[in-house]
Amino acid sequence: MTPTYPYILMRNDAQQLTAARAERGRIEAEIAGLEDNADSLSEKTATWGVARVDRAMAPILRRIGELRAELAGRAAGHHSGKNRTKHGNFCT
């Protein structure tokens, strides 16, 4: 039996949702790793000095900001309806 058109859309939506969740997980894992690095650096303030720690933290904090913005953009795109198919399903 050949799958019907709505079934194919549901399967594609499920695949896209799985891919979106995997990407979100990757981003959240990277954020967690960067936050661990930032925590470790902050403990070195006494030995390294504030200026050195600030210089080391800058790229970490910048990347965390970029990743959080990416997550927010993905969430906004998903909930705004701009990623809906003509059948009302989400394509994330």
Side-chain angles (χ1 to χ4, degrees):
M1 180 171 163
T2 304
T4 61
Y5 184 69
Y7 171 76
I8 293 169
L9 283 178
M10 288 179 7
R11 186 179 62 199
N12 288 340
D13 288 346
Q15 290 169 343
Q16 290 172 346
L17 181 59
T18 299
R21 285 180 178 163
E23 181 63 11
R24 181 177 184 81
R26 182 201 62 78
I27 292 169
E28 289 173 342
E30 185 175 348
I31 289 172
L34 290 167
E35 287 175 338
D36 287 345
N37 288 344
D39 290 344
S40 296
L41 277 173
S42 66
E43 295 169 0
K44 296 181 181 185
T45 303
T47 56
W48 283 14
V50 174
R52 184 175 175 194
V53 170
D54 283 347
R55 282 192 308 272
M57 287 278 248
I60 294 171
L61 296 176
R62 183 175 47 251
R63 182 65 180 149
I64 289 172
E66 291 168 354
L67 292 168
R68 287 190 176 148
E70 185 177 344
L71 282 178
R74 288 174 174 277
H78 180 76
H79 295 295
S80 70
K82 77 176 187 179
N83 291 329
R84 286 184 181 262
T85 66
K86 66 180 179 179
H87 301 287
N89 302 318
F90 284 108
C91 294
T92 56

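Treat the numbers as computed from the prediction; the structure is a model and nothing was measured.
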Please tell me if the side chains of Asn37 and Leu41 come closer than 4.5 Å, counting only heavy atoms from C-beta onward. no
Can you confirm whether Ile27 sits close enough to Glu30 that some side-chain heavy atom of one is under 4.5 Å from a side-chain heavy atom of the other? no
Look up atom CD1 in Ile31 and atom CD in Glu66, then write down how far apart they are to the nearest 0.5 Å. 11.0 Å
Just jot down the salt bridge (Lys or Arg N to Asp or Glu O under 4.0 Å) partners of Arg62, sequence neighbours excluded, or say none. none
Separation of Met57 CE from Ile64 CD1 (nearest 0.5 Å): 8.0 Å
Could I get the full list of side chain to side chain contact (heavy atoms under 4.5 Å, CB included) partners for Arg24, not counting sequence neighbours? Glu28, Leu71
Any chance you could lay out the side-chain contact (heavy atoms from CB on, under 4.5 Å) test for Arg52 and Lys44, step after step, and finish with the verdict? CA-CA 9 Å; Arg52 184 175 175 194; Lys44 296 181 181 185; over 6 Å; no
